[in-house]
Amino acid sequence: MRVVTGVVGNDVHVVANRLIEISLKERGFDVYNLGVNTYLEEFLDALIETDAELLLISSLNGEAEGWCRNLKALKSKYNFRSNPLFVIGGNLGVGEMDPDALIPKFKAYGFDLVYHQKDLNESLDEVEEVLKQRIEV
Amino acid sequence: MRVVTGVVGNDVHVVANRLIEISLKERGFDVYNLGVNTYLEEFLDALIETDAELLLISSLNGEAEGWCRNLKALKSKYNFRSNPLFVIGGNLGVGEMDPDALIPKFKAYGFDLVYHQKDLNESLDEVEEVLKQRIEV
Amino acid sequence: MSIFQREREIITRNEFVDNFDFIEIEEFIKSADKNLFISHHFKYSNKMLVQPRGGFPTYEKVFKLYEEFLQAGVDVLPLTIDSNTRLNDYATAGKMLALSEEDDVDMLNGYPLINHGYRTTRKMMTHFNKPVSLRHGTPDARLLVEMALASGIFEIEGGPITYLLPYSKNFPLDKAFLYWKYVEKLCALYSTYNEPINRESFGPLSATLQPPVIVIVIQLIEMLLSLEEGVKSFSVSFSQSGSMIQDIVTANVLMKMAHRYATEFGYGDADIHLVYHQWMGAFPYNKEYSDALITASTVIASMVKADKIITKTRNEAFGIPTKEANARAVASVQYTLKTLKGLPVVKDEEEEEHLETMVKDIMEAVFNDSADTLWRKVFNSIKNGIIEIPFSPHIINANEVITARDPDGNIRIYERGKLPISDRCFEYEKSQIKIEKGSSVVEKIIKDIGIML
Amino acid sequence: MSIFQREREIITRNEFVDNFDFIEIEEFIKSADKNLFISHHFKYSNKMLVQPRGGFPTYEKVFKLYEEFLQAGVDVLPLTIDSNTRLNDYATAGKMLALSEEDDVDMLNGYPLINHGYRTTRKMMTHFNKPVSLRHGTPDARLLVEMALASGIFEIEGGPITYLLPYSKNFPLDKAFLYWKYVEKLCALYSTYNEPINRESFGPLSATLQPPVIVIVIQLIEMLLSLEEGVKSFSVSFSQSGSMIQDIVTANVLMKMAHRYATEFGYGDADIHLVYHQWMGAFPYNKEYSDALITASTVIASMVKADKIITKTRNEAFGIPTKEANARAVASVQYTLKTLKGLPVVKDEEEEEHLETMVKDIMEAVFNDSADTLWRKVFNSIKNGIIEIPFSPHIINANEVITARDPDGNIRIYERGKLPISDRCFEYEKSQIKIEKGSSVVEKIIKDIGIML
Ligand code: B12
Ligand code: B12
């Protein structure tokens, strides 16, 4: 299974990104890590190039919303063969946010799974579960 | 002006008592300090003996209520020539108390002025003010 | 039947006590779980043990308190006794307990152990299966300690001096020595049944400008009096002074001298532990500052390498803390201990030597008293002011020593009273205190008491 | 007109900047109140200065934040810049600022200073009349610093390495050096008008398992590059490592070497200050633990004798703190500093010598590079891995050095990459790291990153 990952926008928090790469590799993924400071277009281009089944975006510096609100419009311009799962996680709001408000917001932007201040490993377990179900269906 | 002071009940907190003695003396009072572990009867006896105009009781260990609830009944047995002012202060309840509930309670027991967790010097200023007014009346 | 056993029979029989079954108690202690013994934890744990303070009038409230503590990761549970019981006034304690149970308002500032009895209390102790420390402040604690040990409480705090001078106005000192002799004997006896019972002295004293030399002398004396009776596990203690370096110096000298005197007197086989009390003086009326004080104090406890720390709470200035506030402090102290790493080993040779000299001077004077037994020498020494503690409410206390802080916060001796310390040492102490021009000693002392406000 | 002035004219003229009046700015700085200069406070204050972090998109919110800080007893105000401005993306910053002003939702993680302009911002700075520190993380900070100084912000954080390697992915390093040369020159120029402008390096770097030797080398280099241009007041800094003794050793070696190199290079007249950052790594998700971490960190800052401490908040793990949480930390840190007394002077001669040797080895290697200027030598040294920082997102970073903690929490070098440290030193470092059997290095590193969780 292929996964494209990285940190979106003007965000240089690289530590989680390094650990996520390690975790995904340990879970048997083929990892394409675009690193920090990656724009939405670059992620979508990479999905096209790699045919990855999973896009796993991090955002830590609180600016996710500004960078992701156009995802739906952008998606419509691409033609994905693999119907990838769109996942975002990390610290998705500036300041302390109500997670119940954040999650529907990012889903409306076009993400399938949204993890705000969640444990990495538990979340990845869930992501894998959803991927498995998708394939079975 | 004479004042009887001390710490009521099974209460050995002596530090405030020492400082109060110093403060009262500095304010020009004639101080009769009965010290810690003093029972209500001993305070009233001392008022009779000294003809003091002021009784200033401390309680710190939270047991004031148990030791003072009988003040009214006890007072009625004594015959004060000086109509002393009854004042209690310190830390008057066990645990955190609503001061608005404590003050009327201790007033009902027979105290004229009640100071729960109040600044010593500001309170003594007030006490002196009340004493002055009493004398003027 | 030995005289001691005869005395025990008398002590444990009064209108407030319900049939004391010595045989059953012996069985209980012999088969008690090792986890109930703090002496066992001292041996096998390599972290600083964390113990809060706490006690409520009713069984239910103490039970809930312990549940809260366990969740917070407590190492040692406290059982704090109410003031009436401390003064052996079980009648008032009983009355107030009844009122507390009826009205759900706490009319006591602790747990009236005699009125509850050991059968009830033991249920709680074995249920939680943690070491429990008895905290009281009672000069005549004979019945209380019988009751505590029978309940499964295997650490007993206090001593004839440390629970008398700060806690009593006129309880006779000689009686206190004899009553504590009973307690030591009892602890020694029960120590032969299973793990040793730990005795702990109460170093904070009146918690107000106590000079380290006095704290150390009293700790050493209570330790010796206890080991003399056969106690095998003893904790010396002191409380945060307000100066980090003074705490370190105190700890170093205290532990060094404790081991030296124990060995010299032939008790080299006893285990000696160091207990640190978080700031015992007046707390700020700001809870966030209290939190900060508690953490800073935990760091200092780590610097002095204490074996156990006794915690305060953010409610300290206000009144008996809620169980939540109390548990919060435990969790926070454990967090700090877990994350605090790489502590340096600090010494201050000059200050340590100076302090050691003063301690030795006073100890020598005590030993040189003409009485036949140690406790009588100590009794005489207190009576004639060779030992005294500032801010004691007790009538026997000489009340001549005056202390104040130097600019680094160290507590120094301003008037030595009859303390037999050399002129050289005294001059050094006094010269450290700087009093601002135009300010009085009393003003300085008031400021020095309120140093944490 | 000098080349430098010509450059300034160009830099300060773009579509986001509204007419830069150099003459008026010079007048303003010449007559500015001394209180605005941190260099002035460093000279006359005998306490550790307390500075929080903070910045909001709108003027009003920053104003309210400063009011809150003042009430809490702040010594130095922060102005943190948003990430878009840091990347010179003023268009996005402007868009997000407009959104923030409209919706009352913060769409930026800091203050977009360029978009606000110096005329507006200066009103705030002179109103509060406190020293302000500019915190950004910008490789090309030329316009930003012009704007800051014109606003009355007289401390500028950062440097060509410390604001590049941790904060950027692919900004060209040689450009960063040149842009910072501009900043240094500007600060030096303005330092001649009134009190010196203070420059501060950013020692925390990527805040993740940074070995002290690298931190120190980078601090020394940025200091020298700054003093070379005529800056007269400089702060070296580092952040809490997770080991108290390592922090003390780092501080001792850093200050000693800073003075030595400054003198050696002929800048003995510059003032050098020490800044300590409270824990900069991942914070616990428990706010009470965060409070404890903040206090413990304050105690350590006192042990290392920092001149200034930069605070975190109990909200750190969650997001940009509210002004209340931020002010609370300031008040609490001030309380701890006020009540913490009697700090010992601690040294660890062996560790200090070991660290000093490694620092000298790397400094020598840098100086021995064949390039003609210091910045070029440094540039080459980074390019060939003689200097690198773990967990840098930057493409130029060698990414070969691996670090982990020893059992005392000290950060040690596990793989040295191309760091020119001797075999002896490296062997000592590596030998300190103990990896549990059955555990991998990666597992150990993950645990070591999350040491405060
Ligand atoms: C030092 C201390 C001790 C020392 C006392 C030494 C001694 N002999 O004096 C020791 C360690 C021995 C001790 C023992 C106990 N203590 Co104590 N102690 C304190 C502590 C930490 C400081 C008290 C102090 O000296 N403050 C400095 C002086 C100068 O201030 P103050 O006493 O607050 O008095 C000021 C004001 O109250 C006011 N004031 C006082 N009286 C009056 C009167 C008037 C008319 C006015 C206007 C003002 C006024 O003026 C003073 C100057 O500002 C307080 C908590 C705190 N405040 O931080 C607990 C505290 C008072 N103790 C408490 C308790 C319960 C006890 C014990 C029962 C043990 C226990 N359960 O922990 C025993 C008591 C034994 C007994 N029989 O009384 C509780 C009381 C609980 C409550 N009120 O709800 C407190 C509040 C701690 C707590 N949070 O649990 N204690
Ligand atoms: C270290 C750090 C830095 C370092 C980063 C070094 C580097 N190059 O990586 C430095 C000092 C350079 C830095 C800079 C900045 N930082 Co910063 N930083 C932190 C800090 C303290 C720790 C981050 C970290 O490394 N954690 C350890 C890793 C392993 O954990 P993590 O990042 O949280 O990731 C975990 C989870 O989020 C999750 N996860 C992450 N991604 C994903 C994705 C998916 C799909 C899933 C399921 C899970 C998941 O898994 C990870 C492992 O558990 C955090 C606060 C905190 N958390 O305590 C602030 C923080 C992230 N930073 C913040 C900010 C604002 C900044 C700055 C803008 C400066 C500023 N204003 O202070 C600049 C950013 C510049 C930029 N352009 O981005 C804010 C973000 C605000 C918000 N979200 O509201 C935080 C929260 C601090 C704060 N409270 O203000 N920072």
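Quantities reported herein were computed from a predicted structural model and do not represent experimental measurements. Here is how names work: the chains are called A, B, and so on, in the same order as the sequence lines, proteins then strands, and each is numbered from 1.
Residues of residues 445-453 of chain D lying within less than 4.5 angstrom of chain C, judged on heavy atoms, are D/I451, D/M452, D/L453 in numerical order. The interface of residues 345-355 of chain D with chain C, defined by heavy-atom distances below 4.5 Å, comprises D/V346.
By the neighbour-count criterion of 12 heavy atoms within 6.0 Å, atom NZ of D/K434 is densely surrounded, having more than that number from other residues, nucleotides or ligands. Within a 6.0 Å sphere centred on NZ of D/K43, heavy atoms belonging to other residues, nucleotides or ligands number more than 12. Heavy-atom neighbours of D/K64 NZ from other residues, nucleotides or ligands within 6.0 Å: at or below the threshold of 12.
Between D/I300 atom CD1 and C/L343 atom CG the span is 8.0 Å, to the nearest 0.5 Å. Between atom OH of residue C/Y289 and atom CD of residue D/Q334 there is a gap of 8.5 Å, rounded to the nearest 0.5 Å.
Test C/T295, C/V299, C/L293 against D/T295 for side-chain contact (heavy atoms from CB on, under 4.5 Å) and you get one pass: C/T295.
In this structure the side chain of C/R314 never reaches within 4.5 angstrom of the side chain of D/E288, judged on heavy atoms. Counting heavy atoms from C-beta on, the side chains of C/I248 and D/P344 come closer than 4.5 Å.
With chain D as the partner, the residue from C/P407, C/P284, C/A296, C/S243 showing the most heavy-atom pairs under 4.5 Å is C/S243.
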Next on the checklist: The test is side-chain contact (heavy atoms from CB on, under 4.5 Å); show your working for D/K341 and C/D408 and say whether it passes.
Outcome noted: CA-CA 5 Å; D/K341 299 217 161 81; C/D408 282 333; 5.6 Å; no
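Proximity to chain D (any heavy atom under 4.5 Å) is restricted, for C/T336, to the side chain, taken from C-beta onward.
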